[in-house]
Structure formats: structure tokens, C-alpha cells
Amino acid sequence: MGPCRGRSAEAAATVRSSLASAGAEVVDIDALDAPGALEAARAAVRAGAERLIAVGGDGTVHLALQAVAGTDTVLGVVALGTANDFAHALGIDSAVTADNLLAPAVRFDAIRMGEKWVASVATAGFSGDVNARANSMGFPKGAWRYTWATILSLPRLKHRSVSLTVDGVRHDHKAVMVAVANTCSFGGAMRICPNAEPSDGMLDVTVVGDVGRLELLRCFRLVFSGRHLTHRKVFTYRGGMVELHCDDELAVWGDGEPLGFAPVRFEVVRDAVALAGAR
């Protein structure tokens, strides 16, 4: 599914050739923009498509998820993005072959936020500011973009009063960021919720409290190993339903894409998506 350009266009051509050689009937889904691609994907699913192949990064997976979640259509992923956190978390083989894309499907959980779905991590606060800056940067490429975006966003660090209700229990914090996760990482292998498993029927929540800029930078060094959870101002929760409220305007992002503003409710949906070639 598209829009496809550059590497994505080349990979899409390889996908078409591999699937056609394997005897599969292939229908291209390409569009001028993301809304057009989403509508075309939903139409294909409604028409009974057996598989939907997403060629791109976490944003493309996020778009495809909106079409396949809660259906029997199998999602296949060819990971070509900046971070590819979803593909890494699910152990998806990077080789573009029919064997991978037509492999037996395994069902995994997803996060539902109203009418929207999140595959990996929903986040708000400083992490959302980093997402916005990273999306606006053309350089550097790869996961380093998120590292630089983090450093460049530090001068505008904000502390917000947030309220989290996890399975009916309320928790109030002065925080710089909140993450609600189905998988363990975001932003290019930052293990923000290192214990998250996308098949356990639970959401993992990490709250980074009222740290200063230098303290956050020190904590940032630990997030790639998950050791930030030992910090005295980092708090974690688990549950099937999470509600997020904030006294100020608070943007919410999911899979690196803007989703709206708090207040929001996140709910884990068991076995919401069938994924090809996952481990």
C-alpha cells in the first residue's frame, strides 16, 4: 500500500514480483496521500482481501492497522522506515520474500483509542514533542534522527499535571511524558516500556515525572537498555484500560503519528490483528 516512492517503490515492485511468482493475485493500493491510501485499504479489506502488505515504516504500519484491526485480513510488513520499532518488536524478517509475506499468521494485541488503533506505543508530553521535531527533520537518517530530536527539544521541556486511571485506579503526577505501550520500544529502539508484550492482554504504562533537563538527559541514556525504570522519578503501571487527563493542552501520538489531544482512553484489544511471519 502507498503512497510509494524511492526505496518504497522499489520494494513494492519486489513484493509484487515475489507474490505473483508464488501464485498470489496482487492488487496495488497506491494513492496520492495517506487518507487516500487508507480508504483504498479499507475498501480492499471490505472486499475480502486475504492479506494487506504495508511497505514502509511505523507510520505505514499504523495506517494499515486502521484497515485490518478487528478483521480476518492478515497484515504483512516490509519494514523500510526510520525506526521500524513494530517490526523489530514482532521479530519480522526484513527479507522481502513471498515465504515471509505468505507465512502463517499469528494474532497479536493492539491498542484502541476511540475509533483509532495503535500498534506499538502511544505517547504524550516530551516524547510527543520529540516526534513532532523528528518528523520535520530531513537529517540525520535512521534512528539517530530521534536522538537528535530529543536533544534539540530539551530547551522547551514542559512539566504537566496529568492524571492516569489504570483499571479504575487513579494516579496523579507532575510529569514530562507518558507512554502507553503494546510493544516495548519507540523512537528507534528506545525501550520505554521494556516489559511490554503484545500478546499478554495488558498495556504497560511508563510515566517520567518532574525531572529537569540534565536529569532527563541522564535518564535518556538508560532508556535504550530499559534501566531508566530504576530512576526514582519514573513510575510504571499495567492494566487493560488506561485513561489520561491533563490540566493543559496535551497532544497524543501513536506509532509516531498525531492522534489528537487528552483526555483520551486507551484499551487493549486481545488478538486484534493477524500478522504474517511474526515471531
Side-chain angles (χ1 to χ4, degrees), residues 58 62 65-66 68-71 85-86 89-90 106-128 131 159-187 190-211 219 223 226-275 278:
D58 290 314
H62 176 81
L65 183 69
Q66 312 311 305
V68 303
T71 76
D85 286 304
F86 179 76
L90 276 299
V106 179
R107 297 203 77 94
F108 287 93
D109 306 340
I111 304 173
R112 183 162 57 197
M113 179 185 138
E115 296 181 352
K116 299 176 181 177
W117 294 86
V118 177
S120 296
V121 181
T123 187
F126 179 71
S127 46
N131 257 321
H159 298 79
R160 296 176 172 92
S161 295
V162 300
S163 172
L164 284 165
T165 303
V166 182
D167 287 348
V169 180
R170 177 169 168 164
H171 309 274
D172 295 321
H173 291 282
K174 195 76 170 179
V176 298
M177 66 156 286
V178 176
V180 179
N182 183 46
T183 63
C184 64
S185 65
F186 69 169
M190 298 183 195
R191 296 174 59 81
I192 189 63
C193 294
N195 299 316
E197 293 286 348
S199 58
D200 62 0
M202 299 290 282
L203 300 175
D204 282 52
V205 182
T206 297
V207 179
V208 180
D210 59 340
V211 298
C219 194
V223 75
R227 290 186 295 131
H228 63 292
L229 298 190
T230 63
H231 194 283
R232 63 189 178 88
K233 291 186 178 180
V234 173
F235 308 89
T236 61
Y237 307 100
R238 301 190 82 225
M241 181 85 71
V242 179
E243 297 178 29
L244 172 63
H245 295 260
C246 183
D247 293 343
D248 302 319
E249 183 177 83
L250 180 62
V252 179
W253 294 67
D255 303 327
E257 301 296 315
L259 299 182
F261 297 86
V264 293
R265 174 183 293 181
F266 306 101
E267 175 187 5
V268 65
V269 179
R270 294 296 305 265
D271 299 336
V273 57
L275 187 65

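Please read these numbers as outputs of a predicted model, since none were measured by experiment.
- Contact record, A124 with L244: CB-CD2, 4.1 Å, taken as the closest heavy-atom pair.
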Walk me through it: do D85 and R191 pass the test salt bridge (charged side-chain N to carboxylate O under 4.0 Å, His left out)? CA-CA 10 Å; D85 286 304; R191 296 174 59 81; over 6 Å; no
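- Looking at heavy atoms from C-beta onward, M177 lies in side-chain contact with I192 at the 4.5 angstrom threshold.
- For A179 against V121, the heavy-atom pair with the smallest separation is CB-CG1, 4.1 Å.
- In this structure, W253 and A251 approach most closely via the heavy-atom pair NE1-CB, 4.0 Å.
- At a threshold of 4.5 Å between non-hydrogen side-chain atoms, the residues L250 and V162 count as touching.
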Would L164 and V178 count as a side-chain contact (heavy atoms from CB on, under 4.5 Å) here? Give the steps. CA-CA 9 Å; L164 284 165; V178 176; 4.1 Å; yes
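- The closest side-chain heavy-atom distance from T236 to L229 is below 4.5 Å.
- The residues R238 and D200 are annotated as salt-bridged, a charged nitrogen and a carboxylate oxygen being separated by less than 4.0 angstrom.
- Legend: residues meeting ring-ring contact (aromatic ring centres under 6.0 Å, His included) with Y237, ordered by chain and number and at least two apart, are H171, H173.
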Go through the steps to decide whether I111 and V268 satisfy the test side-chain contact (heavy atoms from CB on, under 4.5 Å), and finish with yes or no. CA-CA 5 Å; I111 304 173; V268 65; 5.7 Å; no
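- In this structure, the side chains of N182 and W117 stay at 4.5 Å or more apart for every pair of heavy atoms.
- Counting heavy atoms from C-beta on, the side chains of V68 and V273 come closer than 4.5 Å.
- When side chains are defined from C-beta on, M113 does not count as touching R265, because their heavy atoms never get closer than 4.5 Å.
- Across every non-hydrogen atom of V180 and V242, the tightest pair is CG2-CG1, 4.2 Å.
- For the pair C219/H228, a side-chain contact is recorded, criterion being any heavy-atom separation below 4.5 Å from C-beta on.
- Shortest non-hydrogen contact noted between A89 and T183 is CB-CB, 3.7 Å.
- Electrostatic pairing of D210 and K233 counts as a salt bridge here, judged by a charged N lying under 4.0 Å from a carboxylate O.
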Between D109 and R270, is a salt bridge (charged side-chain N to carboxylate O under 4.0 Å, His left out) present by the stated rule, with each step listed? CA-CA 5 Å; D109 306 340; R270 294 296 305 265; 3.4 Å; yes
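- Of all non-hydrogen atoms in V118 and H62, the two that sit nearest each other are CA-ND1, 4.4 Å.
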Assess the residue pair M241 and F266 against the criterion (side-chain contact (heavy atoms from CB on, under 4.5 Å)); give the C-alpha distance rounded to whole Å, side-chain angles, the decisive distance to 0.1 Å, and a yes or no. CA-CA 6 Å; M241 181 85 71; F266 306 101; over 6 Å; no
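- Within the 4.5 Å cutoff, the side chain of L275 has heavy atoms near those of the L90 side chain.
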